[in-house]
Structure formats: C-alpha cells, structure tokens
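A note on names: the letters A, B, ... follow the listed sequences, proteins ahead of strands, and every chain is numbered from 1.
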Number of protein chains: 2
Amino acid sequence: MKNKKGVTIYDIAQELKVSPSTVSRALKDHFSISKEMIKEVKKVAQKRGYRPNSIAASLRNNRTNNIGVIISWINRPFVSSLISGIEEEANKAGYNVIISQSHDSFDNEVANARALYDSRISGLVVSLAMETQSYDHFNPFIQNNIPVVFVDRVADEFNSDKVVIDNFAAAYMATEHLIEQGCQRIALACGSQYRNIYRERESGYLAALREYNIPIKDEYIVHSDSLNAQEGFRIAEYFLSMETPPDAIFSVNDTAAVSFIQYAKEKGIKIPEELAVIGFNNDPVSLIIDPQLSTVSHPAIEMGKLAAQQVLKQSQYKDVVKSEAIMLRTELLVRASTKRK
Amino acid sequence: MKNKKGVTIYDIAQELKVSPSTVSRALKDHFSISKEMIKEVKKVAQKRGYRPNSIAASLRNNRTNNIGVIISWINRPFVSSLISGIEEEANKAGYNVIISQSHDSFDNEVANARALYDSRISGLVVSLAMETQSYDHFNPFIQNNIPVVFVDRVADEFNSDKVVIDNFAAAYMATEHLIEQGCQRIALACGSQYRNIYRERESGYLAALREYNIPIKDEYIVHSDSLNAQEGFRIAEYFLSMETPPDAIFSVNDTAAVSFIQYAKEKGIKIPEELAVIGFNNDPVSLIIDPQLSTVSHPAIEMGKLAAQQVLKQSQYKDVVKSEAIMLRTELLVRASTKRK
DNA sequence: TTGTACGCGTTATCAG
DNA sequence: CTGATAACGCGTACAA
C-alpha cells in the first residue's frame with residue numbers, strides 16, 4: 001500500500017473532488033478558503049500521509065528553505081557554537097542549515113560559495129577564511145538579492161550585514177588588565193592582518209600600551225596564520241628564549257594561550273608571577289588548564305542566532321539594501337593565569 | 001546587463017540555435033553529442049555565466065544533492081570532527097551537508113528527521129539521541145530508498161548501514177590497563193543504557209573485571225544521561241566520599257574524566273597514585289588537563305568519511321538492501337593520569 | 001547526432 | 001470562495 005510516488009496535492013484534490021489549487025491554498029491556510037474546506041483538506045492530507053514537496057515549491061519560488069554557512073573549521077569551540085546558534089534560529093523558522101568549511105583557504109571559500117549559490121540557498125552566513133582578501137565571490141548573492149551576513153570575521157570593504165564583537169575594546173580591556181597586574185613587558189600573539197578581528201585586537205593592545213606609556217616593542221608582537229597548539233609552542237619558545245622575555249602574553253585565542261602556559265610550566269616558569277597569560281574566546285580548555293586561563297568571552301551562540309535572524313529578516317524585504325552592523329558586548333574573565341594581586 | 005532571471009539552457013540553446021535538450025546533454029558530456037558541439041555549448045555557458053539550477057534537476061530526479069546529518073550536539077569535539085569528515089567526503093562528490101542537532105532529545109530527533117525527509121535529502125547520517133528508543137521515524141527514508149547510515153550511536157534493532165568502533169574491546173583494554181596498574185577498586189561512569197556505545201563499554205568493563213577475578217560492585221557503577229562537566233563533579237563527589245572509594249575510574253567520556261581529575265586535585269587526592277582516571281574519546285582537553293588524561297582514541301573524522309561514503313554508495317544502487325557494518329579500530333592512549341609504574 | 005514534447009509538484013494569476 | 005492554466009528549469013523517451 002506504499003505509494004512509490006509520494007502523495008501530491010493532486011491526489012488529495014481528486015479524493016475531495018476539488019481542484020489542486022484549492023488544496024494548495026487550504027494547506028497554507030489561505031484566507032480565501034473556507035474553514036470547513038481547510039479542515040477537510042488537512043484531514044485527508046493527514047490520512048494519506050501527504051508531505052509537501054519543497055523542491056517543487058522551491059522551483060516555483062526560486063528559493064529553498066536552506067541557509068548556507070561558510071566557516072573556517074567546524075571543530076573549534078567558537079565555530080561549532082556559532083553554528084549551533086544559527087541552526088536553532090533557522091529551524092525555528094522552518095529553515096535547514098547547510099554548512100561548509102573553508103579550512104581557512106581562499107580557494108575553498110570561493111568553491112563553497114559557488115556550491116551554495118548553485119544550490120539556491122536563500123541566505124548565507126559567512127565567517128571569512130584567514131586568507132581571503134577579495135570578496136567578489138559574494139557578488140552573485142547580492143546581485144540576486146540573497147542576503148549575506150558576515151559574522152565575527154567580517155569584510156569591512158563589503159557592504160552587508162555584520163554581527164561582531166568589539167574586538168578593540170576587548171583587547172584594550174585585556175591588555176589594561178595585564179598592566180594593572182603590574183606587567184610591564186606585554187607581548188602579543190596575533191593572527192593574520194587580513195582579518196578584522198586580529199587587526200582590531202592588535203589596535204586595542206597597542207592603544208592600551210600607549211595609554212599607559214608602555215613602550216611598544218616590535219619583537220614582542222608575533223603574527224601567525226594559524227594559532228594552533230603547535231604554533232603556540234613555537235611562539236612560546238620564541239618569546240621565552242629572548243634576552244628580556246615578556247612578563248605577560250596576550251594571545252588572541254585560547255588555543256595558543258594554553259600552549260604558552262603548558263610550555264612555561266615545562267620550563268619551570270611560574271604563572272602568573274613570572275609570566276601572566278590571557279587568551280581570547282573562553283573555550284572550554286580555558287577552565288581545564290591549570291592555572292585556569294584568563295580570557296575574553298565570545299558570545300558564539302548569541303552571534304549565531306543574531307546572524308540567522310538577520311538573514312531571515314533580510315530575505316523578507318526584497319530590494320531593500322540597508323545593511324546593519326550588530327556589535328555584541330564581551331566580558332573580561334579574570335582567572336588564575338593573570339591574577340597577581 | 002545582469003539578468004534578473006539567471007541564464008538557463010534555453011538561453012544557451014537560443015544563442016547557438018540548437019535545442020535545449022542538446023545543451024542539456026552537452027553540459028553533461030552525453031556520449032551522443034559531438035565533441036565540437038560540447039565544446040561550443042560549454043564555451044557559451046561559460047561566457048554567459050550559466051549556473052545549473054539544481055532545484056529543477058532535483059525536481060526532475062526527485063532527489064537533491066544534499067546529505068542530512070542528525071547528531072546530538074555539534075559543539076562536542078567528537079561530533080564536530082565527525083561532521084568534518086562527512087562534509088569532506090560529501091563535497092568531494094558534489095554534495096552539500098545539512099546538519100541538525102537533536103540535543104539528545106527524542107522529539108527533536110523525530111522533528112529533524114521529518115524536516116530532512118521533507119527537504120528531499122538523498123541520504124541521512126545519524127548518531128542517535130540519548131533518549132531514542134523507537135526508530136519508526138527513519139522508516140520513511142527506508143521506504144523511499146533513501147539510505148540511512150548510523151554512526152557511533154547506532155540502532156542494533158534497525159537494519160541499515162553502521163559505522164562504529166569496537167566499544168567492547170576498547171573498554172576492555174581500558175579496564176585491563178587499570179588493573180595492570182595495580183588498581184583493585186575500579187569504578188565506571190557510564191551513559192544511558194539505551195545507547196549501544198555505553199552498553200558495550202559497560203560490558204567490556206565487566207568482562208575485564210571478571211577475567212581478572214575482581215569483584216563487581218554495583219555502587220562503583222554510575223549511569224548518567226548527560227556526562228557533562230557538572231555531572232562529572234557530582235559523580236566524583238559520590239565516588240570519592242564513599243567509605244571505601246574507588247582507586248580508579250573509567251569514564252566513558254573525557255569530559256567527565258577531566259572533572260574527576262579536577263575534583264580530585266581540589267581534594268588533594270593524588271593522581272594517579274591514589275586515583276587513576278581514564279577517559280574515552282581523546283578530546284583536546286585530555287592533553288590540556290594536568291596530569292594528562294589516559295583515554296581511548298575515537299577516529300571521528302574517519303568515521304564521518306566512511307559514513308558519507310556509505311551513504312553515497314547506497315544511493316547509487318537503488319533497491320539493493322544489503323546493509324553493511326563497518327567497525328574501526330581504536331587505540332589505548334596511556335598518559336600520566338593512569339601511569340603508576 | 002540532434003530535436004520535440006512532456007512531466008516533475010507546486011504556486012501565482014486570472015477568471016468565475 | 002473555488003477552478004483552470006501557465007509557468008519554474010531541467011531531463012529524457014521518442015522521433016527524426
């Protein structure tokens with residue numbers, strides 16, 4: 001009794017001796033259909049196990065119920081939480097979420113964007129790859145009124161919605177905190193300057209040093225394209241084998257910060273007395289490392305939700321080009337790795 | 001000059017004064033089309049910026065280029081790595097990946113399955129929710145020849161492809177290792193018995209104890225529906241405030257194991273001398289906690305790749321119902337948290 | 001080797 | 001309030 005070909009609105013129409021249009025409208029509670037008809041249609045639909053064919057609807061409307069997401073690496077706490085937020089909001093509105101990883105490569109990002117475009121997503125959420133410097137691959141979306149919302153790693157040069165945190169303020173706070181703990185030689189482990197988040201954090205760091213009249217030393221600033229654990233150890237080695245090593249390090253992510261602590265512990269360097277370390281993101285590891293890592297909160301789930309909301313909102317108003325930038329607050333989380341006093 | 005309505009095969013056909021079907025065929029290198037024609041068509045397609053409308057194709061073929069994934073929580077290292085593997089394999093084959101989280105709730109899982117079914121995915125990868133005991137929500141897929149592949153948390157009762165590890169053997173190894181370290185009172189922190197992975201790990205644990213003639217004590221076995229950090233602390237408190245506390249704990253995940261270590265350290269209990277702790281999964285935290293956590297490797301990316309491959313393979317052979325079970329090897333990773341000798 | 005014609009399931013438009 | 005019809009873009013059986 002299982003219909004190889006699923007039940008369509010035609011089948012229901014036939015059974016009720018009405019037209020398919022009536023069924024179509026009844027199923028979406030169209031105001032022009034009588035209450036009784038709606039009830040009848042839905043009853044039969046239920047009975048026959050009707051499931052709407054969203055592909056057909058998509059073809060007709062030229063848009064799917066899918067939201068695309070391009071992120072760097074899904075297996076990072078910040079990123080997976082971001083996706084979680086996006087998914088929650090999207091599902092609530094009846095949308096599915098298609099994810100794709102750029103692995104921080106520009107070419108991948110371009111390929112992903114194209115694949116998502118081809119699949120007719122009705123909106124896109126992007127956190128840019130480290131390498132990305134050109135944004136042409138997002139033009140097809142804009143030209144076809146498909147909303148593009150950037151999250152966290154955004155493109156200043158590209159006019160579209162953005163959801164970010166105040167990286168400058170956060171970095172300023174973090175650096176100021178180190179200064180208040182009495183640190184004088186504060187190093188910075190930073191990321192690619194192509195990305196706003198790292199540029200802004202560096203600016204915040206520099207501004208704090210200037211504000212407190214602490215000399216800025218180039219050798220205390222390191223840029224890395226991938227602040228992973230391995231790189232973290234490499235940078236730690238560099239800093240801690242200097243003639244005058246820093247007495248504090250501000251790392252723009254927790255992964256590297258944790259490596260700094262591990263390296264220092266290995267070398268018998270006391271934290272935070274001899275070396276204070278502060279990270280960024282509030283990853284789970286920041287509470288596992290001993291001493292616990294001071295860091296800056298990064299409201300991933302909230303950012304994901306807001307990004308999804310923006311996408312959904314924008315996809316309502318066609319032809320309206322008003323781009324919005326949402327900036328969330330972050331918090332300084334002071335823990336043992338910097339608490340000197 | 002931008003076409004509001006994208007370029008279609010009709011536009012190309014018109015420009016070349018051939019029929020749409022020729023274009024359609026040429027674009028997929030159909031053998032019946034001449035080399036020159038293929039070249040010409042592709043040239044024009046390129047020039048006009050033609051992008052195939054996969055929705056239209058999907059409607060025709062009644063299947064999309066999307067693979068659905070249902071997992072518990074995306075922001076867990078094992079899960080996000082799993083997705084990463086799925087995504088990589090899927091993309092390679094020109095498929096996109098739609099993810100949805102069950103948050104370990106049965107109702108969510110059912111809703112997600114339905115949403116994915118409605119969106120006409122061409123295959124599904126599932127890691128079951130903790131709560132799930134009935135599998136009827138996967139029947140629509142089977143009935144319509146949409147392959148369903150279970151990963152890690154599988155349904156023994158449901159006939160379909162599976163990708164798993166040898167949980168029994170892994171747990172046996174882990175327990176045996178504790179015994180070899182001289183532990184005599186080995187506790188188990190386990191998960192929901194609805195899920196194969198926890199049942200099997202418990203069996204492995206019990207088998208090892210029996211093999212070595214160590215008495216099995218019920219009070220040394222705890223089951224929790226969500227082995228998160230908070231639960232971990234609760235369980236640690238329970239174990240370590242017993243009259244005769246265990247001298248070792250085997251935790252079926254690293255999250256709880258890490259909490260055990262943290263709790264024990266707080267209480268001044270020496271690890272591994274007074275309490276040996278071993279986890280499961282090889283999460284990043286296992287290398288961050290001090291002492292580093294012994295654990296069992298869990299090849300997440302590999303499992304994801306294999307699951308995706310199974311889905312893709314199955315979606316080729318319609319009407320062939322041959323379900324396969326793939327079992328991957330795991331490794332015991334001995335670290336400081338258990339190394340007594 | 002190429003063309004014609006129809007159908008996939010839905011929905012918007014227009015007519016009643 | 002309801003119905004008929006045309007489209008959305010592509011793929012394919014059938015015809016030439």
Side-chain angles (χ1 to χ4, degrees), chain A residues 3-42 44-45 48-66 94 117-122 144-146 318, chain B residues 3-42 44-45 48-65 94 117-120 122 144-145:
Chain A
N3 303 314
K4 190 67 192 171
K5 308 273 160 200
V7 184
T8 74
I9 54 173
Y10 283 87
D11 301 324
I12 299 175
Q14 209 162 23
E15 178 160 346
L16 285 171
K17 304 210 189 312
V18 296
S19 85
S21 347
T22 302
V23 175
S24 172
R25 289 189 275 239
L27 287 170
K28 1 182 76 68
D29 292 307
H30 195 278
F31 67 94
S32 74
I33 303 292
S34 67
K35 296 285 173 207
E36 311 96 64
M37 182 53 94
I38 291 182
K39 204 187 279 182
E40 283 226 78
V41 167
K42 289 193 173 172
V44 176
R48 300 282 300 266
Y50 168 79
R51 300 272 73 215
N53 185 326
S54 57
I55 299 178
S58 294
L59 179 60
R60 196 49 245 255
N61 307 327
N62 199 33
R63 55 200 299 285
T64 60
N65 285 299
N66 298 326
Y117 179 79
D118 286 352
S119 83
R120 299 316 204 250
I121 52 172
S122 54
N144 288 280
N145 275 304
I146 299 168
K318 318 192 172 190
Chain B
N3 303 314
K4 191 66 193 169
K5 308 273 161 198
V7 183
T8 74
I9 54 172
Y10 286 87
D11 301 324
I12 298 175
Q14 210 161 22
E15 177 161 347
L16 285 171
K17 303 203 190 317
V18 296
S19 85
S21 41
T22 302
V23 175
S24 171
R25 289 188 274 239
L27 288 170
K28 359 184 78 66
D29 294 307
H30 195 280
F31 65 92
S32 75
I33 303 291
S34 67
K35 296 285 172 205
E36 310 96 64
M37 182 55 94
I38 292 182
K39 203 186 281 181
E40 283 226 77
V41 168
K42 290 193 172 171
V44 176
R48 301 283 299 265
Y50 168 79
R51 302 271 71 217
N53 185 324
S54 57
I55 298 178
S58 294
L59 181 58
R60 239 344 287 249
N61 308 325
N62 199 31
R63 52 201 300 286
T64 60
N65 285 299
Y117 179 79
D118 286 353
S119 82
R120 298 321 204 246
S122 54
N144 288 281
N145 276 307

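As rounded to whole Å, 14 Å separates atom C1' of D:dT12 from atom CG of B:L59. Atom OH of A:Y10 is separated from atom P of D:dA6 by 12 Å (rounded to the nearest Å). Per the geometry, CD1 belonging to A:I9 stands 8 Å off C1' belonging to C:dT11, to the nearest Å. Between A:M37 atom CE and D:dC1 atom P there is a gap of 11 Å when expressed in whole angstrom units. Protein atom CG of B:N53 is 17 Å distant from nucleotide atom P of C:dT10, rounded to whole Å. Protein atom NZ of B:K28 is 8 Å distant from nucleotide atom P of D:dT12, rounded to whole Å. Summarising the geometry, the separation between CZ on B:R25 and P on D:dC10 is reported as 15 Å, rounded to the nearest angstrom. Straight-line distance from the CG atom of A:D118 to the C1' atom of D:dG9: 14 Å, rounded to whole Å.
Salt bridge A:D29/A:K42: present, at least one basic N to carboxylate O contact under 4.0 Å.
Remark: the B:R51 side chain and the D:dG9 base include no donor-acceptor N/O pair separated by less than 3.5 Å. Remark: the A:R60 side chain and the C:dT11 base include a donor-acceptor N/O pair separated by less than 3.5 Å. Looking at A:S21, its side chain comes within 3.5 Å of the base of D:dA4 through a donor and an acceptor atom.
Mapping B:S54 and A:H30 onto DNA chain D by nearest heavy atom places A:H30 closer to the 5' end of the strand. Ranked by how close their nearest DNA chain C nucleotide is to the 5' end, B:A56 and B:S34 are led by B:S34.
Phosphate proximity of C:dT11 to A:S24: present, with a side-chain N or O under 4.0 Å from OP1 or OP2. At the phosphate of C:dG3, OP1 or OP2 sits under 4.0 Å from a side-chain N or O atom of B:S19. Put simply, B:Y50 has a side-chain N or O that comes within less than 4.0 Å of OP1 or OP2 on D:dC10.
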Mind running side chain to side chain contact (heavy atoms under 4.5 Å, CB included) on A:V7 and A:R51 for me, showing each step along the way? CA-CA 7 Å; A:V7 184; A:R51 300 272 73 215; over 6 Å; no

Do B:S24 and B:S21 pass the side-chain hydrogen bond (donor to acceptor under 3.5 Å, both in side chains) test, and can you show the C-alpha distance, the side-chain angles, and the key distance before you say yes or no? CA-CA 5 Å; B:S24 171; B:S21 41; over 6 Å; no

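Proximity of a side-chain donor or acceptor of A:S58 to a complementary backbone N or O of A:S54 within less than 3.5 Å is detected. For B:D11 (side chain) and B:T8 (main-chain N/O), a donor-acceptor pair under 3.5 Å exists by modelled atom type.
Across all strands, B:S32 comes closer than 4.0 Å to base atoms (heavy-atom distances).
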